[in-house]
Amino acid sequence: MTQRTWAAAGPLITLATTALAFVAASAMWLAADDAHAESRLERWDNAERATLGSMLLSRLPAPPADPSNAVESRPEAVALGKRLFFDTRLSKNGQVACSTCHSPERDFQDGWPVGQGVSTGSRRTMPIAAAAHSPWLFWDGRKDSLWSQALGPLEDGAEHGANRAQLVRLLEANYRTEYEAVFGRLPSLQGVPANASPAGSPDERKAWAAMANGQRESVNRSFSNLGKAIAAYERTVAYGESRFDRYVAAVLKGDAAGQASLTRQEVNGLRLFIGKGQCATCHNGPLLSDQHFHNTGVPPRDSSRPDRGRSLAVARVQDDEFNCLGNYSDAQKDSCQELSFIASDDPGMDGAFKTPSLRNVANRAPYMHAGQFASLEEVVAHYVRSPKSATGHSELAHSGGGHAERKPIRLNAQEARDLVAFLKSLSGAIE
């Protein structure tokens, strides 16, 4: 190469050298960033990863089919049920609908310590999202299907305060076309009193007793169908993904950036949740609930009359004319396994209440079956304190006492704050 050619090529060589240096430096920076990202990956062992994975909302299957409700998946039933769910005429005073206590704006609950219908109830309103996954409904499990559960509040004196003759007449006057498109011909109500029910006021019970058997059968059949339509709609209400779900998905994929879904404090709280806090003992699976009943020493609202919970509900669900084995169920008798093999003599059910899902729990204050605790901080403090139960025997272990399954829950003040911070990561949209 001549001196002139070399001189001309000099700038090109310099540019090439600079470009190579930049590429090399970039590679070093990327490698360093990858190493930094790797260092941000939270370390979970295989057992912990399996536990976290089992809680992913994406692993929740479709709600199991309810053999006692043959119309639950029909779009016409869903549409009818939705209209009924928001209809305040399904109440004694024309002011209370299902949506009054199960408000979509409040995650399908109401925010009160106890339910407020035509009067004041004695227990907290439970959310209905994903309720179709539960074999037992209400805090005490006194109903064994979503449709039978829907019927209870309609005739409850503190909730809707209506009666089944009134409600079936409402169907006839306002929903005949929609009803008959789902359930067939609405029976004649000729001769049926305006107000009658075996579960109503003395006058309503007297009017019910005076009805002919065929009339009572027709009213009961239509009344049960009303519940089945409402259940078809409620079955569609589901939880959406939370920051916790995004974090777990990132952990399982080894995605460091995705793990930023939770803060360091929230991750610490998650470790406590599945570890020494023992929360996951009952709050497990994609819905963060074992769907069972537990006595955890929650104090009653009225210490002179402690709520015995599940222990009194077993006989109620067995005797319920609208249960899976009843005349108004669409199920074959051998499909009602939960009811057929229900434990009726378990002393551990005295003072026991259903484990609620913790999804969206930060949106649902106050807490427990009668709104006894105003905040998540109070809930955590209760479990650390582990008081004795006012009725039955608390499952929580007490300091200095032995327990077959649990150890005392010992959390310091910072750990309690971390656990509460984690619980706030469980919220997502209701879909």
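For reference, positions follow the sequence shown, starting with 1. None of these values were measured; they are calculated from a predicted model.
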R106 NZ/CZ over W112 ring centroid, <6.0 Å and within 45° of normal: no
Pi-cation contact, F293 with R310 (under 6.0 Å, within 45°): yes
Criterion side chain to side chain donor-acceptor pair (under 3.5 Å) on D418 and Q414, from CA distance to verdict: CA-CA 6 Å; D418 292 349; Q414 184 58 57; 2.8 Å; yes
Straight-line distance of [X] [atom1] to [Y] [atom2], nearest 0.5 Å:
X    : Y    : atom1 : atom2 : answer
L358 : S289 : CG    : OG    : 8.0 Å
D66  : S335 : CG    : OG    : 10.0 Å
E180 : N225 : CD    : CG    : 11.5 Å
N195 : K206 : CG    : NZ    : 14.5 Å
L376 : R364 : CG    : CZ    : 9.5 Å
I128 : Q109 : CD1   : CD    : 11.0 Å

Whether [X] side chain and [Y] backbone form a donor-acceptor pair below 3.5 Å:
X    : Y    : result
E415 : N412 : yes
Q372 : A370 : yes
S386 : Y383 : yes
S91  : G94  : yes
S329 : G326 : no
E377 : V420 : no
D156 : E159 : yes
T51  : A47  : yes
R74  : A229 : no
D350 : P347 : no

For a 4.5 angstrom cut-off between non-hydrogen side-chain atoms, does [X] reach [Y]?
X    : Y    : result
E234 : I230 : yes
P299 : H382 : yes
N295 : H393 : no
W208 : N163 : no
P63  : H133 : yes
M211 : P193 : yes
P104 : F86  : yes
F422 : C279 : no

Give a yes or no on this: more than 12 heavy atoms of other residues, nucleotides or ligands lie within 6.0 Å of atom [atom1] of [X].
X    : atom1 : answer
K276 : NZ    : yes
N46  : CG    : no
Q337 : CD    : yes
R385 : CZ    : yes
R205 : CZ    : yes

Considering non-hydrogen atoms only, spot the tightest contact between [X] and [Y] and give its length.
X    : Y    : answer
H283 : L288 : ND1-O, 3.0 Å
D144 : L137 : C-CD2, 4.4 Å
L270 : L262 : CD2-CD1, 4.4 Å
R169 : L189 : NH2-O, 3.3 Å
L57  : D245 : N-OD1, 2.9 Å
Q318 : S344 : NE2-CB, 4.1 Å

Intermediate values then yes/no, side chain to side chain donor-acceptor pair (under 3.5 Å), E155 and S197: CA-CA 8 Å; E155 292 193 298; S197 169; 2.4 Å; yes
Evaluation steps, side-chain contact (heavy atoms from CB on, under 4.5 Å), between S145 and N69: CA-CA 9 Å; S145 70; N69 185 356; over 6 Å; no
In plain terms, say whether [X] and [Y] are close enough for a salt bridge, that is, a side-chain N and a carboxylate O under 4.0 Å apart.
X    : Y    : result
R216 : E321 : no
K143 : D320 : yes
E42  : R49  : no

Residues L90, L167; criterion side-chain contact (heavy atoms from CB on, under 4.5 Å); working and verdict: CA-CA 6 Å; L90 274 69; L167 294 166; 3.9 Å; yes
Single hit among F183, F322, W147, Y328 for ring-ring contact (aromatic ring centres under 6.0 Å, His included) with F223: F322
Parallel, tilted or perpendicular, as decided by the 30° and 60° cut-offs, for the rings of H369 and F353: parallel
Mutual orientation of the aromatic rings belonging to Y247 and W44 [parallel < 30°, tilted 30-60°, perpendicular > 60°]: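 Perpendicular, since the angle between the ring planes exceeds 60°.
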Positive for salt bridge (Lys or Arg N to Asp or Glu O under 4.0 Å) with D140, one of R124, R308, K354, R123: R123
L423 vs F273, side-chain contact (heavy atoms from CB on, under 4.5 Å): CA-CA, chis, key distance, verdict: CA-CA 9 Å; L423 293 173; F273 185 88; 4.0 Å; yes
Verdict with reasoning, H160 to C98, per side-chain contact (heavy atoms from CB on, under 4.5 Å): CA-CA 8 Å; H160 290 243; C98 302; 4.2 Å; yes
Side chain to side chain donor-acceptor pair (under 3.5 Å) evaluation trace for T263 with Q265: CA-CA 5 Å; T263 66; Q265 183 182 27; 5.2 Å; no
